[in-house]
Protein chains: 2
Amino acid sequence: MSNGSLEVMQNVSANLRLARQQQGYSQERLAELAGISRRMLVNIEAGESNASIATVDKLASALGMSFAEVVRPPPLADKELGLPLRIWQGVQDDSHGSLLESVLKPGMTLELWRWQLAAGDSYHAEADALGCHEVLYMLDGQLELLLPQQQQRHVLQAGQSLTFALDQVYSYHNPGLVVCAFTKSILMYPHA
Amino acid sequence: MSNGSLEVMQNVSANLRLARQQQGYSQERLAELAGISRRMLVNIEAGESNASIATVDKLASALGMSFAEVVRPPPLADKELGLPLRIWQGVQDDSHGSLLESVLKPGMTLELWRWQLAAGDSYHAEADALGCHEVLYMLDGQLELLLPQQQQRHVLQAGQSLTFALDQVYSYHNPGLVVCAFTKSILMYPHA
DNA sequence: GGGATAAGTGCAATATAATGCACTTGTTAT
DNA sequence: ATAACAAGTGCATTATATTGCACTTATCCC
């Protein structure tokens, strides 16, 4: 039994207590379901126990939650997310007729961009971090996407979308005769 | 010491070992930095230890990782994400001149929708789960967003975006004389 | 070969997580 | 008031996480 100074412990205790009460269990009932002693559950909910992974996992299962849900900090308010609480006017980066516009403030869990590529224009990107994914959604025109490491080539038309992992090299090309437009969502660590 | 059957333990051992090697630490060095014994680290990396929250947290800190990063399962492939690996043609749900199109397969970590609301049209939604957030991005026309619980009203123009939490009632309204179009991203549990 | 570093094993000692029980407190219902 | 249930406390006991040390194995370098 250690003091409850660890942030993770505080998350665990708060999440467990909230979930237990929402599901209408008493401490005794939940302890029974999880196969641990009520004394232990009291300590954990009080944030006074440095529980083991297995014990926390038993409680998560008994409540129908994943381990990650029990451990994670409580949901954040909009402003703490780094996402615009108020209206956000996109930042534009214009270069030779093409347009790269950040719809959201970059660098957070979700990025959202609006791109326009001039006819015949191309863009090449290096591999990024494992666990990041990109979602393309075509608004106008057409776009050719090359994934050389997968030996794939896709041509997207307006209204179509495509997702791929960002831990690989990729490049865009506008094969059409008119400008194309698409949104580009980047999702970091999309896990349950 | 228990058998390493617990999925969480396997994630911990794999993530720790990978991070340690990437940062060029020996087991001895990392144990020293984290303030635990090398014997314990050996057990954890072997998946043979039911470690306590505090011990895992010490290791995470020593490696400059968050607790969640150490505990989470390895990144998933595209298809496991439920996101379309190949091109996905949106599903349309047309009703009285307005258009609701799911750009991605719904129900996953990230949903992406394209909406069109006819002039004067409205849409009302009840409160959803805590921890979900919505990102609106205006493509054309204008949209009025009402958040009665926050006593807020926003009017969005093309090119603007706005984020709000989905654990509250909200409604859309197209106040203009022409159809408006926007994308709507729904993000579940956006945490580090 | 010999020496050095990194990783894995076995085992006894120690610290502490986890249990079980008795008890108090507060609330709700009859 | 009494009964009944849920939650919190103190403490001795038990189980086990964590430590420390000695030892093996493998690899790399001189």
Side-chain angles (χ1 to χ4, degrees), chain A residues 1-65 67-68 70-71 74, chain B residues 1-65 67-68 70-71 74:
Chain A
M1 183 141 50
S2 63
N3 65 3
S5 59
L6 208 57
E7 185 196 328
V8 191
M9 288 190 211
Q10 296 173 6
N11 298 337
V12 169
S13 77
N15 291 332
L16 283 180
R17 167 161 273 155
L18 180 63
R20 176 177 67 80
Q21 290 174 341
Q22 284 181 342
Q23 298 186 29
Y25 291 139
S26 66
Q27 288 181 340
E28 181 151 19
R29 178 74 182 129
L30 176 58
E32 185 187 6
L33 286 173
I36 69 170
S37 66
R38 187 178 74 93
R39 193 65 183 85
M40 193 65 223
L41 181 53
V42 170
N43 280 339
I44 292 177
E45 285 196 357
E48 289 168 350
S49 175
N50 173 26
S52 70
I53 302 282
T55 302
V56 174
D57 194 72
K58 284 183 199 169
L59 286 166
S61 301
L63 289 166
M65 305 168 74
F67 187 88
V70 173
V71 156
Chain B
M1 180 139 52
S2 64
N3 65 3
S5 59
L6 208 56
E7 184 196 329
V8 192
M9 287 191 210
Q10 296 174 5
N11 298 337
V12 169
S13 76
N15 291 331
L16 283 181
R17 167 161 271 157
L18 180 63
R20 175 177 67 81
Q21 290 174 342
Q22 283 181 342
Q23 298 185 30
Y25 291 138
S26 67
Q27 288 180 341
E28 181 150 19
R29 179 72 183 129
L30 175 57
E32 184 188 5
L33 286 173
I36 69 171
S37 66
R38 186 177 76 94
R39 193 63 182 83
M40 193 66 225
L41 180 54
V42 170
N43 280 340
I44 292 177
E45 285 195 357
E48 290 168 349
S49 175
N50 172 25
S52 68
I53 302 282
T55 302
V56 174
D57 194 72
K58 284 183 199 168
L59 286 166
S61 301
L63 288 166
M65 305 170 75
F67 187 88
V70 173
V71 157

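None of these values were measured; they are calculated from a predicted model. Note on naming: letters A, B, ... go to the chains in the order of the sequence lines (proteins, then strands), and numbering restarts at 1 for each one.
If you take CG of A:Asn50 and P of D:dT16, they are 17 Å apart, rounded to a whole angstrom. Atom C1' of nucleotide C:dT5 and atom CG of B:Leu30 are separated by 17 Å, given to the nearest angstrom. Spacing between atom CG of B:Leu59 and atom C1' of D:dT18 amounts to 12 Å, rounded to whole angstrom units. Taking atom CD of residue B:Gln23 and atom C1' of nucleotide C:dA6, one finds them 17 Å apart after rounding to whole Å. The interatomic distance linking B:Glu32 (CD) with D:dT19 (C1') rounds to 16 Å, in whole Å. B:Arg29 has its CZ atom 17 Å from the C1' atom of C:dA7, to the nearest Å. One atom, CG of A:Leu6, and another, C1' of C:dT16, lie 16 Å apart when rounded to the nearest Å. In this structure, B:Leu41 atom CG and C:dA7 atom C1' are separated by 10 Å, rounded to whole Å.
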Exercise. Stepwise, does the side chain to side chain contact (heavy atoms under 4.5 Å, CB included) test hold for B:Gln21 with B:Arg17?
Worked result: CA-CA 6 Å; B:Gln21 290 174 342; B:Arg17 167 161 271 157; 3.9 Å; yes
For this session: Output, in order, the C-alpha distance, side-chain angles, deciding distance and verdict of side chain to side chain contact (heavy atoms under 4.5 Å, CB included) for A:Ile53 and B:Asn50.
Result: CA-CA 6 Å; A:Ile53 302 282; B:Asn50 172 25; 3.8 Å; yes
For this session: Would you sort out whether B:Thr55 and B:Ile44 count as a side chain to side chain contact (heavy atoms under 4.5 Å, CB included), showing the intermediate values?
Result: CA-CA 10 Å; B:Thr55 302; B:Ile44 292 177; 3.9 Å; yes
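Distances shorter than 4.0 Å separate none of the side-chain N or O atoms of B:Ser52 from OP1 or OP2 on C:dT16. In terms of phosphate contacts, A:Thr55 brings a side-chain nitrogen or oxygen within less than 4.0 Å of OP1 or OP2 of C:dA18.
Counting only heavy atoms from C-beta on, A:Ala51 has its side chain closest to C:dA18 among D:dT19, C:dT19, C:dA18.
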Seminar exercise, completed: Protein heavy-atom contacts under 4.0 Å, written 5' to 3' over nucleotides 2-14 of chain D as B (base), S (sugar-phosphate only) or - (none), form the string ----SBBBBB---
If you restrict it to nitrogen or oxygen atoms, what contacts under 3.5 Å exist between nucleotides 25-30 of chain D and the protein, and what is each distance?
none

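When each of A:Leu30, A:Asn15, A:Val70 is checked for a side-chain contact (heavy atoms from CB on, under 4.5 Å) with A:Leu59, only A:Leu30 meets the rule.
At least one donor-acceptor pair under 3.5 Å links the side chain of A:Arg20 to the backbone N or O of A:Tyr25. A donor-acceptor pair under 3.5 Å is formed between the side chain of B:Gln23 and the backbone N or O of B:Leu63.
Under the 4.5 Å side-chain criterion, counting only non-hydrogen atoms from C-beta, A:Gln27 is not in contact with A:Arg39.
Considering only residues two or more places apart in sequence or on other chains, B:Ser61 meets the side-chain contact (heavy atoms from CB on, under 4.5 Å) condition with B:Asp57.
Between the CG atom of A:Leu18 and the CD atom of A:Glu45 there is a distance of 10.5 Å, given to the nearest 0.5 Å.
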